[in-house]
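Here the structure is laid out as structure tokens; the discussion comes afterwards.
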Amino acid sequence: MGRTSRIEGFYKLSMSERLKIVKEFGDLTSEEALALTGFGGLDPSIPDKMIENAVGSFALPLGIAVNFTINGRDYLIPMAVEEPSVVAAASNAAKMARDKGGFWTSSTPPVMIGQVQITGVKDPSRAKHLLLAKKDAVLELANKQDPMLIKLGGGARDLEVRVVQGQRGPMVVVHLLVDVRDAMGANAVNTMAEAVAPMLEDITGGQVRLRILSNLATHRLARAHAVWAKESIGGDEVVDGIIDAFLFADADPFRCATHNKGIMNGIDAIILATGNDTRAIEAGAHSYAARTGQYKPLTVFEKTPEGDLAGTIEIPMAVGLIGGATKVHPTARACIKLLGVKGASELGEVAAAVGLAQNFAALRALATVGIQKGHMKLHAKNIAASVGCPEELLDEVCEIMVSEKKIRMDRAQEIIEDLKNRKR
Ligand code: NAD
């Protein structure tokens with residue numbers, strides 16, 4: 001039994017008290033703990049190495065979700081996010097899941113798809129046959145590009161060939177399936193796709209156009225499952241309310257977009273905190289949700305025979321522990337160390353569990369008191385701060401706005417003026 005992530009009253013502590021707990025939990029050095037605070041921004045030499053035309057760095061709040069148990073192990077989850085309530089909701093959902101053992105996860109091998117588009121092929125069916133017959137030679141050439149990946153047990157594994165109808169006629173699309181181990185894999189796969197292109201042209205007699213990774217990573221899925229005991233979440237009525245909320249998303253794309261957005265609130269926050277590519281994960285998630293032709297929820301909620309609530313998520317998860325910003329960004333490095341994940345698949349599974357927790361929390365709030373209750377306090381803080389509320393009046397202004405249920409800039413300004421006049 002390792003350390004516990006069940007930390008009562010974490011939210012009531014000061015930032016420095018929380019950091020002390022996190023530092024101990026993750027065995028972080030003082031330098032790593034300092035990196036988590038992000039104070040002072042990135043070392044000036046780093047942004048210029050990461051992107052073009054850099055002028056500085058952009059800070060976001062980093063919060064720590066507590067209470068997560070995943071496959072019997074406790075995790076503290078770093079979340080970089082600008083939206084209030086996300087970290088609290090994830091922590092609360094994870095707390096309620098503990099009664100039934102927390103989250104259980106699995107994933108498929110880290111196989112990404114590299115696409116090569118071939119146009120102008122006279123006989124696409126014959127080309128498909130020829131490509132599959134020469135599969136070994138294509139894979140061998142692909143694998144020559146990345147000796148490091150091969151040494152680590154990864155590499156190009158298989159070839160799929162599709163004939164896709166375009167408006168200017170059929171095109172042959174080759175999928176190179178590559179096991180990218182602990183990388184997100186875009187660079188690795190793109191290099192291979194570009195390298196095999198001339199060979200594919202020779203085999204098919206067509207013209208290669210695009211050679212690029214697909215973010216619809218259907219071979220690289222992460223899954224998470226949890227059961228929430230009905231007594232822990234408010235009883236039968238709440239279980240039924242959450243199932244009805246899920247069924248609404250299942251039947252209606254307008255609701256489903258927001259259902260899946262709620263999942264991504266949690267997933268993007270951990271993806272960003274670990275220096276991974278949020279756009280890749282978003283693109284993968286939404287295209288996977290629409291893979292049947294109808295946009296569907298990424299989670300499923302059902303009632304167990306005992307009347308408890310069972311939740312499941314399945315989502316493409318192209319995350320890496322090497323490459324991209326994961327090794328270059330000091331805060332991302334410290335976040336990965338805090339998570340203590342051994343490989344990219346474990347990170348993907350943790351992210352899936354966070355997405356499921358986040359979705360559960362949103363549906364529970366929607367099915368009961370509504371989402372605004374939890375949002376109000378921090379929302380009020382944001383509104384008050386945005387109209388320049390002095391620090392010493394902040395709590396009072398927020399309290400008044402929340403009690404009046406009038407969380408608006410004009411009201412914040414009035415209250416600030418009022419309080420200032422009274423204190424003069
Ligand atoms: P990368 O090229 O920096 O690292 C991958 C390489 O690291 C592998 O090819 C391998 O040679 C080596 N390696 C060392 N240890 C490894 C290990 N344990 N497991 C696997 N490989 C190991 O990074 P990448 O993951 O190929 O590319 C990720 C970057 O590509 C991200 O920054 C992403 O934003 C960007 N990108 C994304 C897209 C897209 O999503 N469509 C397109 C282009 C680029």
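All ligand and atom numbering here is 1-based and tracks the order in the structure. This chain uses plain numbering: 1 for the first residue, then up along the sequence.
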Hey, is the main chain of Leu213 close enough, under 3.5 Å, to the side chain of Asn190 for a donor-acceptor pair?
-> yes

Assess whether salt bridge (charged side-chain N to carboxylate O under 4.0 Å, His left out) is satisfied between Arg3 and Asp27, documenting all intermediate values.
-> CA-CA 11 Å; Arg3 294 150 245 230; Asp27 265 335; 3.6 Å; yes

From OG1 (Thr191) to CG (Leu149), nearest 0.5 Å | 10.5 Å

Can you find an N or O of [X] that's nearer than 3.5 Å to an N or O of ligand 1?
X	answer
Arg181	no
Asn215	yes
Asp146	yes
Gly323	no

Give a yes/no verdict on whether any heavy atom in Gly185 is under 4.0 Å from an atom of ligand 1.
-> yes

Ligand-side contact atoms (ligand 1) for residue partner [X], heavy atom cut-off under 4.0 Å:
X	value
Ala280	40 (O)
Met148	10 (C), 11 (O), 12 (C), 13 (N), 14 (C)
Ala183	5 (C), 19 (N), 20 (C), 21 (N), 25 (O)
Leu149	20 (C), 21 (N)
Val180	19 (N), 20 (C)

Enumerate the residue pairs fulfilling ring pair (Phe, Tyr, Trp, His ring centres under 6.0 Å) with a member in residues 8-39, sequence neighbours excluded, ordered by first and then second residue.
-> none

Pairs touching residues 308-363 that satisfy ring pair (Phe, Tyr, Trp, His ring centres under 6.0 Å), sequence neighbours left out | Trp228-Phe360

Could you tell me whether the side chain of [Y] reaches within less than 4.5 Å of the side chain of [X], counting heavy atoms only?
X	Y	result
Val172	Thr119	no
Leu321	Thr326	no
Pro330	Ile46	yes
Arg98	Phe68	no

Checking heavy-atom distances from atom 33 (C) of ligand 1 to each of Ile322, Val328, Leu213, Asp277, the winner is Asp277

Given Gly275, Ala186, Gly154, which has its nearest heavy atom closest to atom 44 (C) of ligand 1?
-> Ala186

Per-residue contact class, Asn190 against ligand 1 - non-hydrogen pairs under 4.0 Å | side chain

shortest atom 16 (C) of ligand 1-to-protein heavy-atom contact is with Leu152 CD1, 3.0 Å

